[in-house]
Amino acid sequence: MFLNTLTPKFYVALTGTSSLISGLILIFEWWYFRKYGTSFIEQVSVSHLRPLLGECKVWRNPLNLFRGAEYNRYTWVTGREPLTYYDMNLSAQDHQTFFTCDSDHLRPADAIMQKAWRERNPQARISAAHEALELEDCATAYILLAEEEATTIVEAEKLFKQAVKAGEGCYRRSQQLQHHGAQYEAQHRRDTNVLVYIKRRLAMCSRKLGRTREAVKMMRDLMKEFPLLSMFNIHENLLESLLELQNYADVQAVLAKYDGRTHTHWRMNTSNHISLPKSATICYTAALLKARAVSDKFSPEAASRRGLSTAEMNAVEAIHRAVEFNPHVPKYLLEMKSLILPPEHILKRGDSEAIAYAFFHLQHWKRVEGALNLLHCTWEGTFRMIPYPLEKGHLFYPYPICTETADRELLPMFHEVSVYPKKELPFFILFTAGLCSFTAMLALLTHQFPELMGVFAKAFLSTLFAPLNFIMEKVESILPSSLWHQLTRI
């Protein structure tokens, strides 16, 4: 009964309002896409649904810089913050996980540091570390000061050397008591994490200060002493240092252990390797070694005439494999996109990982003659093998959808995040937005001014069909009336 009482004007208003709203949404979507490179609806949906669906896992950057000696110096010079709040919050969570335990309240200095790691204000954290050191030699307090207060790598190294002495003492004591109960076991686990962290950062200080051979020895000793602590990814620090020494044989040995692909396995069925842990460092270092064997004599013109040799084919396959794992890296290596300071956390296969890799490894690619030229000639061929990367991969799982959103949280606002696959602006967005807005305006005007709009509609249609009527009149004047009569009947 209610539906029978509705007038046509109601339907005009209903459709007009719907068209107007949808048109405005489409216009906003188009503007947001042009400004930020992503869909507003998609971003909001992912942000709210991601905790339910599971989010991309971020990893601690094995080569992360020092806040006081490097990140803060960048801020002082440029006035820009290189780290996002999200990234620093992840670091705070890491510090609480690795450097604290439930029994910290039993030792006053550790109790102070437990609060310090939760403190958001940098100056408050530094003050707490000094307060803890007034009570006793606290390894974690030295860590915080080395990371955040020291303004040079030399100062940071001195503090880490003091931390080693304190950390080794705690480690030896907890090692003797670790089997006396769960509390002592947790303390020993914490002291182990602290000692490994300190020694790794000391090795990084040596690398940054030019003592690369010393850094390599420290990393090797650390990996032998604590072989099970793979979550620190010390092998990636070792790879970078060995490349600096141009010790390619040792680089190959490390890759054989951590990549899972030796020369004999290179052409095996990829299903055996797809679940292995990978990183841009491993994939691109393997590609660099393959390219090194042929890059100095490689010529794209000669290769197109005679075809690729076996060694060249292996190099190209290695580059394609690396690009499939992380397609963002080549633009940084080829300097098609500017680098920024790497974040403290990275997303594997994302733009953040690409920045972290290229920041430290670009110099190694430049050192190998012809390597960047070979990369430039071959890297885009990867995308022909995976035309639908979000649905199906070739050597790896399909490219994750969530990388763009996670990278935008990890990387600073002034950086233009690299997006893969590149989202083109579809024509239908513009067309539909214009169409919806136009029809909405017509519906509203017709509803408000039906007689006036009728006059305008007749005038518009008569103007639109005027050329057709003119042509019809000309045809009638040229053709015989009898023939025209027969055509009209047909």
Query raised in the report: Charged N to carboxylate O under 4.0 angstrom, Arg189 versus Glu185?
Result: yes

Query raised in the report: Within the distance-only criterion (no hydrogens, no angle test), does the side chain of His95 pair as donor or acceptor with the backbone N or O of Thr100 below 3.5 angstrom?
Result: no

Query raised in the report: For the residue pair Tyr357 and Tyr284, is the inter-centroid distance of their aromatic rings smaller than 6.0 Å?
Result: yes

Query raised in the report: So, the side chain of Arg125 versus the backbone of Arg120: is there a donor-acceptor pair under 3.5 Å, distance only?
Result: yes

Query - Under-4.0 Å salt bridge between Arg207 and Glu214 - result: no

Query - Note: Arg408-Glu404 ion pair, threshold 4.0 Å (strictly below) - result: yes

Requested in this report: Please step through ring-ring contact (aromatic ring centres under 6.0 Å, His included) for the pair Tyr197 and Phe99, ending with a clear verdict.
Outcome: CA-CA 10 Å; Tyr197 183 90; Phe99 301 153; 5.1 Å; yes

Report task. Determine whether Phe98 and Thr192 make a side-chain contact, defined as any pair of heavy atoms from C-beta on separated by less than 4.5 Å. Result -> no

Query raised in the report: What is the ring orientation for Phe396 with Phe325, classed by angle as parallel under 30°, tilted 30 to 60°, or perpendicular over 60°?
Result: perpendicular

Query raised in the report: Between the side chain of Thr151 and the main-chain N/O of Ala69, is any donor-acceptor distance below 3.5 Å?
Result: no

**Report entry** Arg190/Asp110 salt bridge by N-O under 4.0 Å criterion
**Finding:** yes

Query raised in the report: Salt-bridged, Glu312 to Arg306, with N to O below 4.0 Å?
Result: yes

**Report entry** N/O donor-acceptor pair under 3.5 Å between Ser174 side chain and Tyr171 backbone
**Finding:** yes

Query - Considering all heavy atoms, the nearest Ala109-Glu136 contact - result: CB-OE2, 3.3 Å

**Report entry** Output field: ring centroids Tyr399/Tyr420 closer than 6.0 Å
**Finding:** yes

Query raised in the report: What pair of heavy atoms forms the shortest contact from Tyr142 to Leu159, and how long is it?
Result: CB-O, 3.7 Å

Query raised in the report: So, the side chain of Ser241 versus the backbone of Leu238: is there a donor-acceptor pair under 3.5 Å, distance only?
Result: no

**Report entry** Ser352 side-chain N/O to Leu347 backbone N/O, donor-acceptor pair under 3.5 Å
**Finding:** yes

Query raised in the report: Is Lys165 salt-bridged to Asp137, cutoff N-O under 4.0 Å?
Result: no

Report task. Using a strict 4.0 Å threshold on nitrogen-to-oxygen distance, state whether Glu157 and Lys208 make a salt bridge. Result -> no

**Report entry** Test item: Thr84 side-chain N/O and Glu409 main-chain N/O as donor-acceptor pair under 3.5 Å
**Finding:** yes

Report task. Keeping the roles fixed (side chain from Glu335, backbone from Tyr332), state whether a donor-acceptor pair exists under 3.5 Å. Result -> no

**Report entry** Qualifying residue for side chain to side chain contact (heavy atoms under 4.5 Å, CB included) with Pro82, from Leu341, Asn72, Ile340
**Finding:** Leu341

Report task. Walk me through it: do Val251 and Val254 pass the test side-chain contact (heavy atoms from CB on, under 4.5 Å)? Result -> CA-CA 5 Å; Val251 172; Val254 175; 5.9 Å; no

Query - Ring centres under 6.0 angstrom apart (His345, Tyr86) - result: no

Query raised in the report: Is it true that a side-chain atom of Glu236 and a backbone atom of Leu63 form a donor plus acceptor pair closer than 3.5 Å?
Result: no

Requested in this report: Using a 4.5 Å cut-off on heavy atoms from C-beta on, say whether the side chain of Ser279 contacts that of Trp59.
Outcome: no

Query raised in the report: Taking side chain as C-beta onward, heavy atoms only, is Leu144 less than 4.5 Å from Met113?
Result: yes

Requested in this report: Anything under 30° is parallel, anything over 60° is perpendicular, the rest tilted; go ahead and classify His364 against His361.
Outcome: perpendicular

Requested in this report: Look at Lys115 together with Glu131 and state whether they make a salt bridge at an N to O cut-off of under 4.0 Å.
Outcome: no

Query - Side chain Asp351, main chain Ser418, donor-acceptor under 3.5 Å - result: yes

